[in-house]
Amino acid sequence: NCTLAHRDAGGGSRPQHHELRTPLNAVIGFAEMMIGEIFGPHGSPKYNEYVTDIKLSADHLLKIIDDILDISKIETGHLDVEMQVLAVDEIIASCLSLIRHRARQSDVRLISEVQPGLTLFADPRLLQQILLNLLTNAVKFTPRGGSVTISAGQRPDGAPRIAVSDTGIGIAAADIDRVLEPFVRLESAFCANVEGTGLGLPLVKSLVELHGGSLEIESQPDTGTTVSVLFPDPGIIRDSGLDLCSSNGQREQRHGERAF
């Protein structure tokens, strides 16, 4: 039961993290060896298909476990945040390079619209996780021939805003709050053929709030969705003299358009 596992992980995420990941990593490692036929060719092509399915399934399960444990760490205050000034265009370029292959396989066009010289104050690993989750969701729920646009700029008050827009299936107004709840998956003919656990957006929301930001979703069924990440003004944060913290509340000193 995923919900029960999520609750249990909050009480002891560190040992469970090890106990869950170690056997899965072994499965993935042996599967990769078999795919590479390191000890010689398989007797039948079917074995290649089966072992590839094993690896893909293990990778997917590992991603689910990581998402559950990340949410639990945030809830229990054990997720450390290492804040620094980041160049937004570099982070976005890195995320697009990681999602590009999947987008091509899905025949979805990737577009980047980033304000030159834009910076924000964030944890680089967690920011990449936020953007990759949003981009992956957008590509997954956009039919072939559609597009996904990631844009970044400043709001009127000078604070950074990063948005991911797609021409996908959209979300009904009544369901927008629901998709921010863990393990909720909407029912539709298109969604039935899309893998997922309903953890992507809830995790993004938690990570954004950990940065002092907020998440906004605008969507229309059969037209598309825009998810906006609103960050605090980095200048205000630094000039205020505030110490940014890890999620457990302990204070730590932390001194044009392109198509792909």
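Bear in mind the structure is a predicted one, so any value in this text is a computation, not a measurement.
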**Request:** Give the C-alpha distance, both sets of side-chain angles, the deciding distance and a yes or no for side-chain contact (heavy atoms from CB on, under 4.5 Å) between Ile92 and Ser112.
**Result:** CA-CA 8 Å; Ile92 288 179; Ser112 174; 4.0 Å; yes
**salt bridge (charged side-chain N to carboxylate O under 4.0 Å, His left out) contacts in which one or both residues fall within residues 158-174, not counting sequence neighbours** = none
Partners meeting side-chain contact (heavy atoms from CB on, under 4.5 Å) with [X] (sequence neighbours left out):
| X | answer |
| --- | --- |
| Thr136 | Ile99, Arg102, Lys140 |
| Gln84 | Leu86, Pro124 |
| Ser97 | Arg100 |
| Leu132 | Cys95, Leu98, Gln128 |

Of the non-hydrogen atoms in [X] and [Y], which two are nearest, and what is the gap between them?
| X | Y | answer |
| --- | --- | --- |
| Ala31 | Ile54 | CB-CG2, 4.5 Å |
| Arg155 | Phe231 | NH1-O, 3.3 Å |
| Gly168 | Pro143 | CA-CD, 3.8 Å |
| Pro232 | Gly212 | CG-O, 3.3 Å |
| Ser228 | Ala163 | OG-CB, 3.7 Å |
| Val27 | Ala58 | CG1-CB, 4.1 Å |

Could you check if a side-chain atom of [X] sits within less than 4.5 angstrom of a side-chain atom of [Y], using non-hydrogen atoms only?
| X | Y | answer |
| --- | --- | --- |
| Arg144 | Val108 | no |
| Val114 | Ile162 | no |
| Leu215 | Leu180 | yes |
| Val148 | Val164 | yes |

To the nearest 0.5 angstrom, please state how far the [atom1] atom of [X] sits from the [atom2] atom of [Y].
| X | Y | atom1 | atom2 | value |
| --- | --- | --- | --- | --- |
| Ile169 | Thr225 | CD1 | OG1 | 7.5 Å |
| Ser44 | Tyr50 | OG | OH | 7.5 Å |
| Leu61 | Leu24 | CG | CG | 4.5 Å |
| Ile171 | Thr223 | CD1 | OG1 | 12.5 Å |
| Lys73 | Ser206 | NZ | OG | 14.0 Å |
| Thr142 | Asn137 | OG1 | CG | 9.5 Å |

**Fill in**
Besides Val51, the hydrophobic cluster formed by Ile, Leu, Val, Met, Phe, Trp and Tyr side chains linked at under 4.5 Å, directly or via other members, contains Met34, Ile35
**Message:** Starting from Phe30 and following side-chain heavy-atom contacts under 4.5 Å between hydrophobic residues (I, L, V, M, F, W, Y), which residues can be reached?
**Reply:** Met33, Ile38, Phe39
**Prompt:** When you look at Thr119 and Val88, which way does the side-chain contact (heavy atoms from CB on, under 4.5 Å) test go after all the steps?
**Reply:** CA-CA 5 Å; Thr119 61; Val88 175; 5.5 Å; no
**Request:** Quick one: do Leu134 and Val204 satisfy side-chain contact (heavy atoms from CB on, under 4.5 Å)? Show the steps, please.
**Result:** CA-CA 8 Å; Leu134 293 180; Val204 165; 4.0 Å; yes
**Message:** Ser165: which residues meet the side-chain hydrogen bond (donor to acceptor under 3.5 Å, both in side chains) condition with it, sequence neighbours left out?
**Reply:** Thr226
**Request:** Please list, chain by chain and in numerical order, all residues satisfying side-chain hydrogen bond (donor to acceptor under 3.5 Å, both in side chains) with Thr149, sequence neighbours excluded.
**Result:** none
**Item:** Same apolar cluster: Ile91 and Leu230, side chain cutoff 4.5 Å
**Value:** no
Can you name the residues that form a salt bridge (charged side-chain N to carboxylate O under 4.0 Å, His left out) with [X], not counting sequence neighbours?
| X | value |
| --- | --- |
| Glu32 | Lys55 |
| Glu216 | none |
| Glu209 | Lys205 |

**Prompt:** Step by step, would you call Glu181 with Arg178 a salt bridge (Lys or Arg N to Asp or Glu O under 4.0 Å)?
**Reply:** CA-CA 5 Å; Glu181 299 174 8; Arg178 291 185 61 229; 5.7 Å; no
[X] side chain to [Y] backbone, donor-acceptor under 3.5 Å:
| X | Y | result |
| --- | --- | --- |
| Thr52 | Asn48 | yes |
| Glu37 | Pro41 | no |
| Asp123 | Glu82 | yes |

**Item:** Test log, rule side-chain contact (heavy atoms from CB on, under 4.5 Å), inputs Ile111 and Ile150
**Value:** CA-CA 6 Å; Ile111 301 170; Ile150 182 166; over 6 Å; no
**Request:** Quickly, which of Val85, Val229, Leu127 forms a side-chain contact (heavy atoms from CB on, under 4.5 Å) with Leu120? Name it, please.
**Result:** Leu127
**Message:** Surrounding CD of Glu218 (heavy atoms of other residues, nucleotides or ligands, distance under 6.0 Å), is the total greater than 12?
**Reply:** no
